[in-house]
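Because the structure is predicted, anything quoted here is derived from the model rather than measured.
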Amino acid sequence: MGYSLAQKIIRDHLVCGDMIPGQEIGLKIDQTLTQDATGTMAYLQFEAMGIERVKTELSVAYIDHNTLQNGFENADDHQFIQSVAQKRGIRFSRPGNGICHQVHLERFGKPGKTLLGSDSHTPTGGGIGMLAMGAGGLDVAVAMGGGTYYIPMPYIVNVKLLGKLRPWVAAKDIILEVLRIMSVKGGVGKIIEYSGEGVSSLSVPERATITNMGAELGATTSIFPSDDITYKFLEAQGRPQDFTELSADHDAVYDETIVIDLDKLVPLAAMPHMPDNVKTVEEIGKISIDQVCIGSCTNSSLFDMLKVAAILKGKTVAPNVSLSIAPGSKQVLTMLAENGALADMIAAGARILESACGPCIGMGQSPNSKGVSLRTFNRNFEGRSGTKDAGVYLVSPEVAAASAINGYLTDPRELGDMPEIIMPERFLINDNMILMPDSAEEACERAVKYGPNIKSVPTGHELEKMITAPVMLKVGDNITTDHIMPAGAKILPYRSNVPYLSKFCFAVCDETFAQRCIDGGEGIIIGGANYGQGSSREHAALVPLYLGIRAVIAKSFARMHKANLINSGIIPLTFKNEDDYDKISQGDMLRLENISDSVTSLTSAMLYNVTKDETYELDLELSERARSILLAGGMLNYTANN
Ligand code: MIC
Ligand code: SF4
């Protein structure tokens, strides 16, 4: 029996475990990346480990999220990250150089390598044939120190692409179609592997749009083969030597197969407030819009920007619309400037933003109240834009640009012939915004700079025999990390200050949650299905830990969040019988009987509802390693003990 492409890369990096879906495997990590919103915490944890230099082939620290610098906090964090990077052997991508995933694809991604990033959209690297995964900062810190990365061996889904996209239909429409078919929880525990003749008509940045937004399926990662097109991309980036040809064996066996006929796809949009709430643009109709934002790690490549510029050329943005554009990297922005496309965008009335995450993470450009915003981004969760009652639609750059001109949601096929985009033979290569680390001798002299906003990391304690605590909060299905620990301009600067961040925990769902926790001591959260979907941010676990949350009992969990809960020492449990979810109310006093025994060696645990005098059975799906981490009260204690 042959191997799929993902299985081959896993096999080549397997440190321990058997490649049996669902069973824990350990992987060697070749490359890591961090961004600044998760990086400060990751590097604090790395520093706490006392390792002199990173042990990976390549580690890069990017600054792209917190670039508003509305106060000293962001700049202090940037300096902290820069000082650790230079001292510990990590390359430092300075603010202005671009969004981590876009820059990594351009300058560092290598087919066949493993990449672990403290950001959920790290699978962007799958567009160039990497096994690229998102994880919490602590897992990335461990990988930088040469430690193994553990995941349940994923099931492999083959998405077969037939035919070729028709004019005005984009890579974004392919991933929106996959989301429509699979839903935001359809990818949990799976790797999405693309194959079929349709692959050869997609450029690397188009493939990267698809693997990037595979994060919204909850998938472990997504991957494309590495072929001629990959070679041409690497050659144009001046890195032909980084190429390796890679594909699945012809007799590879997949756990699931989905076939998509590219010829039949039409422009799509994900409607508020979930990326899988997908309809055709035509079905949604010509709704009036207030804002269009183009950019983010999903759609900010040179190819995307050139398409947008060509659509805008000679036109004016409709009077009812504010259009912002953030090219993904300094390379993209410089090339747009040099070939005149940037002038076309500016002339049409676009508001050009720096090459960074910006509006995607609510750092500016919040829409008007009840505003309708079309975005080429990957997430449209409620409130993420910074305006709670705004409706965000996720669309392709083509739909975004056409709509910005018309002032209403527009199917770009109405515009007639699609402008032809000629991609340059060579990208402009200038890595002057990537700082190389100190030599080992220089590193001894360098001090790490800690700003006053950088507070210590909360830690748990050894697990006791029994936990008795009230239900501090009960929430429904598909709760995202943006609900648990919101981001945005007011909160994001405090990613290294957990006590301050804690005031905003779950504020989107319940503004009184944080205070209730502070008044009540310890607590338990009851969640629905796919609890913790979305971001890799470990703050969604560290902050509840700080607020005294000891366990989360849910119908099911998203992969990265479950790992982050375990790393923080918060016990993730699921209902054996999902109907029991309905029997528990917020405020009920619960008791996890003999919980330390269950965590030590059992696959189930008993939950006694003191208020209602009822008992429920819970499942404990944990690897041996996860059990030891929970017993120690979290990864930091576990590492210190070992
Ligand atoms: C996001 O898109 O939500 C983020 C901000 O990039 C996060 C990381 C974070 O919370 O810092 C992610 O996707 O992992
Ligand atoms: Fe940045 Fe948005 Fe991409 Fe997250 S999804 S890395 S916030 S651009």
Quick check: closest heavy atoms across [X] and [Y], and the distance to 0.1 Å?
X	Y	result
Ser118	Gly137	CB-CA, 4.1 Å
Thr124	Thr211	O-OG1, 3.1 Å
Tyr194	Pro225	O-CD, 3.3 Å
Ser4	Ala248	CA-CB, 3.9 Å
Ala563	Asp139	CB-OD2, 4.3 Å
Glu24	Ser623	OE2-OG, 2.9 Å

In Å and rounded to the nearest 0.5 Å, what is the [atom1] to [atom2] distance from [X] to [Y]?
X	Y	atom1	atom2	result
Glu177	Ile181	CD	CD1	4.0 Å
Leu428	Leu302	CG	CG	10.0 Å
Arg384	Ser535	CZ	OG	7.5 Å
Ile229	Leu202	CD1	CG	7.5 Å
Met635	Ile629	CE	CD1	4.5 Å

Donor-acceptor contact below 3.5 Å, side chain [X] vs main chain [Y]:
X	Y	result
Thr114	Leu131	no
Gln237	Arg239	no
Asp411	Arg413	yes
Thr221	Met133	no
Asp173	Ala170	yes
Asp249	Tyr3	yes
Lys330	Val103	no
Glu197	Leu162	no
Gln533	Asn478	yes
Asp304	Lys307	no

- Query: Would Asn378 and Cys360 count as a side chain to side chain contact (heavy atoms under 4.5 Å, CB included) if you check the C-alpha gap in whole Å, the side-chain angles of each, and the deciding distance to 0.1 Å?
  - Reply: CA-CA 8 Å; Asn378 46 40; Cys360 177; 4.3 Å; yes
- Query: Does the gap between the ring centers of Phe427 and Phe233 come in under 6.0 Å?
  - Reply: yes
- Take atom CD of Glu235 as the centre, draw a 6.0 Å sphere, and report whether it contains more than 12 heavy atoms from other residues, nucleotides or ligands. yes
- Residues, nucleotides or ligands: over 12 heavy atoms within 6.0 Å of Lys28 NZ: yes
- Given side chains that start at C-beta, do those of Arg375 and Tyr393 come closer than 4.5 Å, heavy atoms only? no
- Message: Can you confirm whether Phe46 sits close enough to Ile51 that some side-chain heavy atom of one is under 4.5 Å from a side-chain heavy atom of the other?
- Response: yes
- With a 4.0 Å cut-off, would you call Arg107 and Asp431 a salt bridge? yes
- Item | Test: Glu398 and Lys172 ion pair at under 4.0 Å | no
- side-chain hydrogen bond (donor to acceptor under 3.5 Å, both in side chains) with Gln31: of Lys113, Glu57, His104, Lys110, only one passes, and it is His104
- Message: Does the plane of the ring in Tyr531 sit parallel, tilted or perpendicular to the ring in His561? Use 30° and 60° as the thresholds.
- Response: tilted
- Query: If we ignore angles and hydrogens, is there a donor and acceptor under 3.5 Å between the side chains of Thr148 and Arg625?
  - Reply: no
